[in-house]
Enquirer: 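Supplied in structure tokens, the structure appears directly below.
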Amino acid sequence: MNYKLPILQNYTASALESASVVNSNGVSLGTVQEYNFDQYNNKYTSFSKNSFVDQLPIQMRYGIAWRPFDITLLSFDVIYYTGIHSDIDYYSLKPILNYSFGSETKIIENLAFRFGLFTNNWASAKTEPEEIINSDYKGITGGLALDYNKSIFSIAAVYQKSFNASYSTYAYASQGKYPSVDCYSYSLLLGITSYL
């Protein structure tokens, strides 16, 4: 279990924003009653709080590992994050559950191949009136790990792609009227782990 306690907090922000629905000629349609969407121009908002998060999320992880062969290790993890409550809507997050599966197979005595599958679900603000991108990811990773002189040197490639993504307001999404969003990311990671 992993928990962090906030000791000092301060939040100050201001925003000047506009929201307008227009037709194909760029002319404003005014308030769109059909979708319960209110238009506004140059709306100013500001926040200033000394404490904006009651508590940070707690991460709870349960995992099992199995070695079916001397050269192979399999693992499975379930990772749960508790939500966050905040007076500032977009700091309030929903609880999420993620899964990961990993394997490590020795190629030679000190060199191993690693492979993994994982989910990276979007927590999203639970009271946010407009969702920017609401998306769940599934990913794959693979790499090599070298055990040398009480340290493990590793290199890994990670790719993840979005599923069930939307770019919408709640009013549009409830009617299925929103454009789809396709997101993906990839990265190359280097790591060093030392042990006694």
Enquirer: Please determine whether residues Leu188 and Phe113 belong to a single hydrophobic cluster, defined as Ile, Leu, Val, Met, Phe, Trp and Tyr linked transitively by side-chain heavy-atom distances below 4.5 Å.
Expert: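 Linked, Leu188 and Phe113 end up in one cluster.
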
Enquirer: Could you tell me the separation between the OH atom of Tyr195 and the CD1 atom of Ile152, rounded to the nearest 0.5 Å?
Expert: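 Between Tyr195 OH and Ile152 CD1, I get 5.5 Å after rounding to 0.5 Å.
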
Enquirer: Decide whether Phe69 and Phe115 are clustered together by the hydrophobic rule: side chain heavy atoms of Ile, Leu, Val, Met, Phe, Trp, Tyr closer than 4.5 Å, transitively.
Expert: no

Enquirer: Name all residues meeting the side-chain hydrogen bond (donor to acceptor under 3.5 Å, both in side chains) criterion together with Lys161; count only those two or more places apart in sequence or in a different chain, and write none if there are none.
Expert: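 Once residues adjacent in sequence are excluded, the partners of Lys161 under the side-chain hydrogen bond (donor to acceptor under 3.5 Å, both in side chains) criterion are Asp182.
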
Enquirer: As an exercise, state the distance from OG1 of Thr105 to CG of Leu111, rounded to the nearest 0.5 Å.
Expert: 11.5 Å

Enquirer: Taking the side chain as everything from C-beta on, heavy atoms only, tell me whether Asp77 gets closer than 4.5 Å to Phe118.
Expert: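 The answer is no; the side chains never approach within 4.5 Å.
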
Enquirer: Apply side-chain hydrogen bond (donor to acceptor under 3.5 Å, both in side chains) to Ser187 and list each qualifying residue two or more places apart in sequence or on a separate chain.
Expert: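 For Ser187, no residue satisfies side-chain hydrogen bond (donor to acceptor under 3.5 Å, both in side chains) once neighbours in sequence are set aside.
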
Enquirer: Quick one: are Asp70 and Lys106 in side-chain contact, heavy atoms under 4.5 Å?
Expert: no

Enquirer: Got more than 12 heavy atoms from elsewhere within 6.0 Å of OH, Tyr186?
Expert: no

Enquirer: Calculate, to the nearest 0.5 Å, the distance between atoms CD1 and CD1 belonging to Ile71 and Ile108 respectively.
Expert: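 Going from CD1 on Ile71 over to CD1 on Ile108, the span is 12.5 Å.
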
Enquirer: OH/Tyr159 to NZ/Lys138 distance, rounded to the nearest 0.5 angstrom?
Expert: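 Interatomic distance, Tyr159 OH to Lys138 NZ, rounded to 0.5 Å: 12.5 Å.
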
Enquirer: Atom CG of Leu117 and atom CZ of Phe76: how far apart are they, to the nearest 0.5 Å?
Expert: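 Here the interatomic distance stands at 11.0 Å.
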
Enquirer: Which atoms form the tightest heavy-atom contact between Asn121 and Asn98, and what is the distance?
Expert: N-OD1, 2.9 Å

Enquirer: I need the minimum non-hydrogen distance between Ser14 and Tyr44, along with the two atoms involved.
Expert: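 Taking Ser14 first and Tyr44 second, the nearest heavy atoms are CB-OH, 3.5 Å.
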
Enquirer: Looking at Tyr80 and Pro95, what are the two nearest heavy atoms and their distance?
Expert: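 Reported closest heavy-atom pair: OH-CB, 3.3 Å.
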
Enquirer: Which atom pair, heavy atoms only, marks the closest approach of Ala65 to Leu73?
Expert: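 Of all heavy-atom pairs spanning Ala65 and Leu73, the closest is CB-CD1, 4.2 Å.
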
Enquirer: So, the side chain of Thr141 versus the backbone of Ala157: is there a donor-acceptor pair under 3.5 Å, distance only?
Expert: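 It does hold such a pair.
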
Enquirer: For a 4.5 angstrom cut-off between non-hydrogen side-chain atoms, does Val158 reach Leu189?
Expert: yes

Enquirer: Can you confirm whether Pro68 sits close enough to Leu74 that some side-chain heavy atom of one is under 4.5 Å from a side-chain heavy atom of the other?
Expert: yes

Enquirer: Got a second to check how far Ile79's CD1 is from Tyr99's OH, nearest 0.5 Å?
Expert: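 Between Ile79 CD1 and Tyr99 OH, I get 9.5 Å after rounding to 0.5 Å.
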
